[in-house]
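Written out below as structure tokens is the structure these notes cover.
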Amino acid sequence: MKLFHPSPLVNRRWRRFKANKRGLVSLWIFAALFLLSLMAEVISNDKPLMVYYENALYFPLLKSYPETTFGGDFTTETDYKEPTILANLRKGNNWVIFPPNANSYDTIDLYTTQPAPAKPGTGHLLGTDDRARDVLARLIYGFRLSVLFAMALTLIGVAIGILAGAIQGYFGGRTDLWFQRFMEIWGSMPELYLLIIFASIFNPGIALLMVLLSLFGWMGLADYVRAEFLRARTMVYVKAARAMGASDRAIMFRHLLPNAMTPVITFLPFRISGAILALTSLDFLGLGVPPSTPSLGELLRQGKGNIEAWWLSLSAFVTLVILLLLLNFIGEALRDAMDPRKE
């Protein structure tokens, strides 16, 4: 028994989306990369997935163990890369299973023989940065941070934009007029200067960036929702609902909003792309997340400061280009699928 029965309109749009092979393949690739990044701790970590030591199993990813557990001298948390500990874990019948990339985003290679930043090699497939941290690990965690941040920022902007556009378009008149004047004033404020000022007052972080970017990220979408509500509020089904005693809230969100969702859904991938670019740009300028946080923009900034370390700029640039291309291809397919002229 099916719990959800898509309407014929949804089925037609899904078929049009699938007909765009480039968009469909991009969606699958993006979904696969995003799911893999959600498992970053399992894919890239300096802690083993499993340890068999002295006839006992240990799971360092789930629990911290003191060094004395594995034949060390101290009661501090085990450094599984330390040569003595590593030798104990591989002695006799003991064994250890590391993730595919045995480095986390904040792992500093204390045992490297090359000056940092080091070129790509066996221990570090994409080399290390200027603090001897693994570039591949920072790319994986930075990819996840960028996508999650962009999705959260997009959802907040969509919620505020829908609410603001719905109020403007439905009530019209003076409400619309005053709201438009407010948006003109608010949109003319220098966003970058505000970010610089707040970054100098407060400690930079994800929460601060989310709040500041959310203050301005809703206005573009509000214009589209407003236009859809203005167009549809005089239609017959709206007048009929009002004549039957339906409240303004019910008319706005039960009758008008579903018909105004086309521009919202169409622009979602492009808004996510814009949020990723915003975070990357701010990190590159030093106004984003703290330096210890894995970020694509921070890698680009390191590449700018270490021109000879080509792997820093190239890896971050290729990751960013692939991510934005996938999102743009998905957006193009969604735009074609939601095109009302093809209904």
Side-chain angles (χ1 to χ4, degrees), residues 26 29-30 33-34 36-37 40 43-44 101 103-109 112 114-121 124-154 191-196 198-200 203-210 212-213 216-217 269-329:
S26 298
I29 295 175
F30 174 77
L33 292 176
F34 180 56
L36 287 175
S37 71
I43 297 173
S44 183
N101 183 40
N103 299 281
S104 186
Y105 69 90
D106 57 352
T107 302
I108 298 177
D109 192 348
T112 181
Q114 302 182 44
K119 292 182 179 181
H124 304 281
L125 295 180
L126 295 180
T128 63
D129 64 4
D130 57 5
R131 300 183 187 180
R133 298 173 298 190
D134 187 70
V135 173
L136 177 58
R138 294 187 70 79
L139 278 179
I140 295 173
Y141 285 88
F143 179 94
R144 180 175 68 179
L145 174 67
S146 298
V147 175
L148 288 177
F149 175 87
M151 287 183 172
L153 183 62
T154 299
E191 183 177 355
L192 181 59
Y193 290 159
L194 290 176
L195 288 170
I196 294 174
F198 280 103
S200 63
N203 292 326
I206 295 295
L208 178 62
L209 285 179
M210 189 74 68
L212 292 178
L213 294 178
F216 298 93
F270 301 109
R271 293 183 66 83
I272 294 175
S273 298
I276 292 174
L277 279 177
L279 178 63
T280 303
S281 302
L282 292 173
D283 289 341
F284 179 78
L285 296 173
L287 302 174
V289 296
S292 59
T293 308
S295 165
L296 300 178
E298 192 260 347
L299 269 179
L300 289 173
R301 188 170 75 249
Q302 284 199 38
K304 175 179 174 291
N306 301 273
I307 299 298
E308 73 284 353
W310 53 266
W311 54 92
L312 294 175
S313 299
L314 182 62
S315 56
F317 174 76
V318 170
T319 302
L320 194 60
V321 167
I322 292 175
L323 176 57
L324 296 180
L325 278 177
L326 291 175
L327 289 171
N328 285 337
F329 289 156

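The structure presented is a predicted model; accordingly, all values stated were derived computationally and were not measured.
Counting only heavy atoms from C-beta outward, the side chains of Val147 and Leu323 approach each other to under 4.5 Å. Considering only heavy atoms from C-beta on, Leu209 comes within 4.5 Å of Leu282 through its side chain.
Residues satisfying the ring-ring contact (aromatic ring centres under 6.0 Å, His included) test with Phe143, not counting sequence neighbours, are none. By the ring-ring contact (aromatic ring centres under 6.0 Å, His included) test, Phe30 pairs with no residue at all, sequence neighbours left out. The ring-ring contact (aromatic ring centres under 6.0 Å, His included) check on Phe317 picks up nothing, with sequence neighbours excluded. Residues forming a salt bridge (charged side-chain N to carboxylate O under 4.0 Å, His left out) with Asp283 (at least two apart in sequence, or on another chain): none. Looking at residues two or more places apart in sequence or on another chain, you find a side-chain hydrogen bond (donor to acceptor under 3.5 Å, both in side chains) between Thr107 and Asp46. Partners of Leu324 by side chain to side chain contact (heavy atoms under 4.5 Å, CB included), not counting sequence neighbours, listed by chain and number: Ser273, Ile276, Leu277, Leu320. In this structure Ser281 satisfies the side chain to side chain contact (heavy atoms under 4.5 Å, CB included) test with no other residue, sequence neighbours excluded. Annotation: side chain to side chain contact (heavy atoms under 4.5 Å, CB included) contacts of Leu125 (sequence neighbours excluded): Leu136. With sequence neighbours left out, the side-chain hydrogen bond (donor to acceptor under 3.5 Å, both in side chains) criterion links Ser44 to Asn101. Asp106 meets the side chain to side chain contact (heavy atoms under 4.5 Å, CB included) test with Ser104; sequence neighbours excluded. In terms of the salt bridge (charged side-chain N to carboxylate O under 4.0 Å, His left out) criterion, Arg301 has no residue partners (sequence neighbours excluded).
Side chain of Arg271 to main chain of Gly217: a donor-acceptor pair is present (N/O by atom type, distance under 3.5 Å, no hydrogens or angles). Side-chain N or O atoms of Arg138 include one that pairs as donor or acceptor with a backbone N or O of Thr293 at under 3.5 Å. A distance-only check finds a donor-acceptor pair linking the side chain of Trp311 to the backbone of Thr128 [under 3.5 Å].
Here Glu298 pairs with Arg133 in a salt bridge; the nearest charged N to carboxylate O distance falls below 4.0 Å.
Annotation: the span from Leu279 atom CG to Leu153 atom CG amounts to 9.0 Å, rounded to 0.5 Å.
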Let me see the working for Leu299 and Leu139 under side-chain contact (heavy atoms from CB on, under 4.5 Å), right down to the final yes or no.
CA-CA 8 Å; Leu299 269 179; Leu139 278 179; 3.6 Å; yes

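Evaluation of the side chain to side chain donor-acceptor pair (under 3.5 Å) test over residues 140-154, restricted to residues two or more places apart or in two chains, returns Glu41-Arg144.
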